[in-house]
2 protein chains.
Amino acid sequence: MSYTVSQVAALAPVSVRALHHYDETGLLVPSSRSDAGYRLYSDADLERLQQILFFRELGFALDVISGLMREPGHDREAALLMQRELLSERASQLHAMINTIDQALDTHDKGIAMNKEDMFEVFGNFDPAKHEEEVKERWGDSDAYVESARRTKKYTKEDWLRIKDEGAVVVEGLAARMEAGAGPDDEEVQRLAEEHRLQIDRNFYPCSKQMHAGLGRMYVADPRFAKTYDNVRPGLAQFLCDAILINAEES
Amino acid sequence: MSYTVSQVAALAPVSVRALHHYDETGLLVPSSRSDAGYRLYSDADLERLQQILFFRELGFALDVISGLMREPGHDREAALLMQRELLSERASQLHAMINTIDQALDTHDKGIAMNKEDMFEVFGNFDPAKHEEEVKERWGDSDAYVESARRTKKYTKEDWLRIKDEGAVVVEGLAARMEAGAGPDDEEVQRLAEEHRLQIDRNFYPCSKQMHAGLGRMYVADPRFAKTYDNVRPGLAQFLCDAILINAEES
DNA sequence: CGTAAACCCTCACGTTACGTGAGGGTCAAG
DNA sequence: CTTGACCCTCACGTAACGTGAGGGTTTACG
């Protein structure tokens, strides 16, 4: 099945001209042309387009998107996970903005002026220019998510089983200590938290304590990840997050 | 207290050049200049800037923002409420996009392809071009929020008390019927729902049944509004919303 | 009191991501 | 076989600034 420009434009929120533009710049070159020179988009082209649109929605410039999607080891799953992260970040950003509005409404009702810094604080985090660097930082020096995709590609089924078992040992250990009433600062819990970090570091991508802390926060903030741990024991995601943060602090 | 361009740029996520630009186009003209011709921004200017930034964040073009803020009867509170609405809409949009990603990840895992329409459906709602019209539509023919601001400006304290009492009668009536076990399709409940609409229509802005339905949905979707009703009786927001939707359907 | 660093101003041209025709083939329907 | 709906390739237009160029102003400090 293949689609012409107008069919794609009807399906996705993108103009015909934009498709021409993406073709010209090499961002999305249709995988074939008809005899008459008509652009024909395949299903795979549409998947690529979807990713482009997600990135665009997130405020990335087209050449940056181009770069991201050209990186060696880039794959759809890694990109989707990254986009998911960024989107949920953006969502909490929006909630913060809503809070700022509520605050503005309150102070407005009372006839008093708002603190100037609070007025704009909420915008700060989503500076598009700053964003690129921040992404690099958050995902590690050499783009952790790319690195991860690169490494995991070579893993065999046995590798995956081993990694899963290693992980299960840590998770079960944590769950047991939690049930035994230990706090997140418990010595054994701390050892397991550090082991958790090292597993990521060994198996997926270089993971500093700082990055690990970021992950920890994500485990509770992001239901998709929280579920992974809370399914083992309710409250485990929060417990692990606390433990990670304590482990990260002792630097 | 007044601020120079760089001070404003440090406070808010806006470049010096952008401030120049806003000045040139008349969107934000600083309320004074120093002897040397330096732009000096007052507190009021900063409030205006904050609003501009919210609108910009929402994807409005600068000339549209200019228009919105120039409309007669435009005031800060009305604008903030409108922005709040649009932001929370945007937030649920993002959550929908996250769901789409989850779906894409699932189908990807299973090695099957996703429905092409589902792939892009989620983007559709936030077409910036379409948005302007939609806003007009949602807020009524003559910009309900502007109309509301215009009318309420003339209200005296007594007007407000009367309106509040009128409203309380309806809300208490609804709460009583709900407690008595009536469903949202109960005859008396329907009468009260319609009265609720008429009160808005009389006191604030022309409110069609369709618009009323939009409001009803907002009462449950938006915690700020839900609270107003749930504080009277838990579950009342949902109850009212259901009643409104039923009332709206019989057109 | 001078002077350098740090700001500010006004042009004015550059850039990104398309919009919007102009001029001209292509294709299915009647 | 023609008409209307698509498609193509230029190519210039536009919005919202970015990025100097050239030149005053303010402030800190020696």
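Letters A, B, ... are given to chains in the order of the sequence lines, protein chains preceding strands, and every chain is numbered from 1. In this text the structure is predicted, and so the values were computed from the model without any measurement.
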In whole angstrom, give the distance that lies between atom CD1 of Ile52(B) and atom C1' of dC17(D). 15 Å
Might you point out which heavy atoms bring Val16(A) and Ser6(A) nearest each other, and give the distance in Å? CG2-CA, 4.3 Å
Closest approach of Asp23(A) to Arg33(A) (non-hydrogen atoms, all atoms of both residues): OD2-NH2, 3.1 Å
Under a 4.0 Å heavy-atom criterion, DNA chain C is touched by chain A from dA17(C) to dC27(C)
Answer with base, sugar-phosphate or nothing: what part of the nucleic acid does Thr4(A) contact at a heavy-atom distance below 4.0 Å? sugar-phosphate
List the residues meeting side chain to side chain donor-acceptor pair (under 3.5 Å) with Ser42(B), not counting sequence neighbours, and say none if there are none. Ser31(B), Asp45(B)
Among residues 16-29 of chain A, which ones have heavy-atom contacts with DNA chain D below 4.0 Å? Arg17(A), His20(A)
So which of residues 36-46 of chain B are in contact with DNA chain D, with a heavy-atom cut-off of under 4.0 Å? Ala36(B), Tyr38(B)
Nearest heavy atoms of Met114(B) and Ala104(B), plus distance in Å: SD-CA, 3.8 Å
State whether Glu57(B) and Arg90(A) are salt-bridged, where the test is any N-O pair (Lys NZ or Arg NE/NH1/NH2 against Asp/Glu carboxylate O) under 4.0 Å. yes
What heavy-atom pair brings Ile52(A) and Ile65(A) nearest, and what distance separates the two atoms? O-CD1, 3.8 Å
Of the non-hydrogen atoms in Leu49(A) and Ala12(A), which two are nearest, and what is the gap between them? CD2-CB, 4.0 Å
Does Ser6(A) put a side-chain nitrogen or oxygen below 4.0 Å from OP1 or OP2 of dC7(D)? yes
According to a strict under-4.0 Å criterion, is Arg33(B) in side-chain N/O contact with OP1 or OP2 of dT25(D)? no
So, using side chain to side chain donor-acceptor pair (under 3.5 Å) as the criterion, who are the partners of Arg56(B) when residues are at least two apart? Tyr22(B)
Shortest non-hydrogen contact between Gln7(B) and Ser2(B), atoms and distance: OE1-O, 4.0 Å
With Arg17(B) via side chain to side chain donor-acceptor pair (under 3.5 Å) - residues at least two apart: none
